[in-house]
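Take a look at the structure below.
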Amino acid sequence: MTEKNMDKKFFVTTPIYYINDRPHIGSAYTTVVADALARAHRLRGDETFFLTGTDENSQKNVEAAEKAGEKDLQKYLDNMAAIWQSTWKTLGISYDDFIRTTEERHLKAVERFWKAVDASGDIYKDTYEREYCTGCEEFKTAAELVDGKCPLHPNRELEIVSEENYFFRASNYRDDLLKLYHEKQEFVQPVSRQNEIRNYVKQAMGDFSISRESKKISCGIPVPGDDTQRIYVWFDALINYMSAVGYGTDDKLFKKWWPASLHLIGKDIIKFHCALWPAMIMSAAKSDELLRDENNNALLPERVFAHGFFTVDGQKMSKSLGNVVDPLELIKEYPFDVIRYFLLREIPFGEDGDFSEKRLAGRYSSDLGNTLGNLLNRAVSMSRKYFDNKVPTLNADDAKVALANTTWAGAEGLETLWQSVDAYINNARLDLALEAIWTGEGSGLIAANKYVEETKPFKLAKEDMEKCGLVLYSLLESCRHYAWMLQPVMPDIAKQIIEQLGQDYAVESKKNFKELKAWGGLKPVSSLPEPKILFPKML
RNA sequence: CGCGGGGUAGAGCAGUUGGCAGCUCGCCAGGCCCAUAACCUGGAGGUCGUCGGUUCAAGUCCGACCCCCGCAACCA
């Protein structure tokens, strides 16, 4: 793994969610990934901005409000947005900002953006008789239809729309987009998606209709200078990533944060994020210097990472099957850290995955209880037993090197492990980072448990207290390292581990990353409180 | 010819540039006793979907085929 020269800035986003229902495990997944990455970057000292929010200008919300019997749309939106916010709070999501696309700052950003695209000559008016899919919220070209229906929503009747709309000349940017994919391979992640988007741009992408007649829809942002038209929801939604950091309201703030480091999305909205969005920016940048870098290049997001979808116990998650997983129900059974761990560890990032409570229970008892919890517990218990309730007294450097002929490699091994964890984090691969923390050769949790067997500190306690102290110290110190490696994923568990090691979490978490990573952070002779079981057996 | 994903040990998955088939869980047998009936060691278990091709060598490259999954509504 090559260590990238990352900016000291990390700006990560989730999609803005439709609020026609409460959050489920899928939206929680995206948000947890973003949260863990944000926490990881904060821990590493990067200036971090984590944005999430709600997409409120969609006709879907109007339909949902009607269904809920709420006549006042704004009231409905306010209620739902509050539910989303409080759900994220309950789940420990550490977002820095929550944007709602009905907010004033967003309207201003959209207005400025629209004007810029218009000034670049990429907006034109045209009358088209076109087929609009209310499922996708987009117009379909003949090439995209199958048997005269949208292949994604074959049971929805296509609306035949004949009206004068504004169009965005996305076709102007086809070559630029292809060049972007070619020159910046990491722009579209995972790699398996790159072909898909390339083919789309090459073969299917046309101009986008970006407005509807006001009289036909009951929500949406008015087109600047033309009250008879409202902006199509996707065109306004994407701009949220900019409006939240001051586009249209605070140039200085915008310059600080834009471009986004990483857009996290689901695989269903790749087209919008990897094609439409960069094309929009390329266009606006021609007329708005705020959107250009010093070389006059458009400031595009650095990376878009699309993850897969869940099945539940192998089945599609659906309301009619009654297997929609509600994260708020789940945390009644498992601490949220456990669910975070499961989601991030179990599902290869970028692939589809399966959510199963049986496997969640398996991960809980095996990975967390038997391996992580047990290691901490046995190390602390022995130290307390043999060293008067304290971390063994010694010079920490003496414990750097593992005893001979062991599979666990001591301080050197941890250093290697840190390197791979850091590299995985830089690539947004938390799944691989977690895997490494457990199975890392000569350095992971599994190897550390082996080390106990190989050195038998409980035997050494009767024969060689000095050696016993060295072994126990290195075990305790490694637990401290594991705690910090895991902190972005399991912030609460990490805190508990640090506290069980007799450290003051508030003090520790103020240390800089280099210091945390260095061997010897655990002070010898500090006293060890009575250990509490981190992951109790479940009935 | 709608789009996309996938078929590797009982389950879930890794397999980078082709070079002795791996990981976690489960199962069987031992060991240990510090620890959450936890931990460690050993073992059984795979003709890597099928058929062809390229090659000294193919899970890995090429071709054809078979099968599975997602794409109405909820929805990342």
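The side chain of A/D367 has B/U24 as its nearest neighbour among B/G4, B/C34, B/U24. Comparing B/C34, B/A38, B/A76 against the side chain of A/Y18 picks out B/A76 as the nearest. In the set B/C32, B/U24, B/U36, B/C32 carries the atom at the smallest distance from any side-chain atom of A/F458. In the set B/C34, B/U24, B/C3, B/C34 carries the atom at the smallest distance from any side-chain atom of A/R378.
At the heavy-atom level, A/P15 lies under 4.0 Å from the strands shown only through sugar-phosphate atoms. Base engagement by A/F309 is indicated by at least one non-hydrogen atom pair under 4.0 Å involving a base atom. Residue contacts for A/G362: at a heavy-atom cut-off of 4.0 Å it reaches no nucleic acid atom on any strand shown. Backbone-only engagement by A/G266 is indicated by non-hydrogen atom pairs under 4.0 Å involving sugar-phosphate atoms exclusively. Heavy atoms of A/F535 sit under 4.0 angstrom from at least one base atom. Across all strands shown, A/Y386 has heavy atoms under 4.0 Å from sugar-phosphate atoms exclusively, and none from any base. A/D21 comes within contact range of the sugar-phosphate backbone alone, with a heavy-atom separation under 4.0 Å but no base atom that close. Nucleic acid contact for A/K459: none, since no nucleic acid atom lies under 4.0 Å from a heavy atom of the residue.
B/A76 has no stacking from A/Y17 on its base ring, since the centres under 5.5 angstrom apart and planes within 30 degrees of parallel are not both found.
Of the C1' atoms belonging to B/C20 and B/G46, the separation is 15 Å, rounded to the nearest Å.
Ring-plane geometry between A/Y29 and A/H307 is classed as perpendicular, the angle between the planes exceeding 60 degrees on a 0 to 90 degree scale with a lower cut at 30.
Between the A/D352 side chain and the A/F309 main chain, a donor and an acceptor come within less than 3.5 Å of each other.
Ion pairing of A/E351 with A/R193 is absent here, as no side-chain N (NZ or NE/NH1/NH2) approaches a carboxylate O to less than 4.0 Å. Taking a cutoff of 4.0 Å between a charged side-chain nitrogen and a carboxylate oxygen, A/K60 and A/E63 do not qualify as a salt bridge. The pair A/R100-A/D78 meets the salt-bridge criterion, with a side-chain N (NZ, NE, NH1 or NH2) lying under 4.0 Å from an Asp/Glu carboxylate O. Here A/R340 pairs with A/D35 in a salt bridge; the nearest charged N to carboxylate O distance falls below 4.0 Å. A salt bridge between A/E463 and A/K459 is absent, with no side-chain N of the basic residue lying under 4.0 Å from a carboxylate O of the acidic one.
Checking the phosphate oxygens (OP1, OP2) of B/C34, no side-chain nitrogen or oxygen of A/S381 falls inside 4.0 Å. Within the structure, a side-chain polar atom (N or O) of A/K537 is placed less than 4.0 Å from OP1 or OP2 of B/A38.
Listed by chain and residue number, A/K390 satisfy the salt bridge (charged side-chain N to carboxylate O under 4.0 Å, His left out) test with A/D388 (two or more places apart in sequence, or in another chain). In this structure, A/R198 has no salt bridge (charged side-chain N to carboxylate O under 4.0 Å, His left out) partners at least two apart in sequence or on a different chain. Under the rule for a side-chain hydrogen bond (donor to acceptor under 3.5 Å, both in side chains), A/R22 has no partner lying at least two apart in sequence or in another chain.
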RNA chain B in dot-bracket form (Watson-Crick or G-U pairs under 3.5 Å, [ ] crossing, | inter-strand) is .((((((..((((.....[..)))).(((((.......))))).....(((((..]....))))))))))).....
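In this structure, CG of A/D268 is placed 14 Å from C1' of B/G5, rounded to the nearest angstrom. Taking atom CZ on A/R198 and atom P on B/G4, their separation rounds to 13 Å, with Å as the unit.
Of the two residues contacting RNA chain B, namely A/I19 and A/P536, the nearest-nucleotide position lying further toward the 5' end is that of A/P536.
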Expected rows: protein N/O vs nucleotides 40-44 of chain B N/O, under 3.5 Å:
from  : atom 1 : to     : atom 2 : distance (Å)
B/U41 : OP1    : A/K450 : NZ     : 3.0

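In the displayed structure, A/E453 atom CD is contacted under 6.0 Å by more than 12 heavy atoms of other residues, nucleotides or ligands. Heavy atoms of other residues, nucleotides or ligands lying less than 6.0 angstrom from CD of A/E333 number more than 12.
The stretch residues 337-351 of chain A touches RNA chain B through A/E346, A/P348, A/E351, each having a heavy atom under 4.0 angstrom from the strand.
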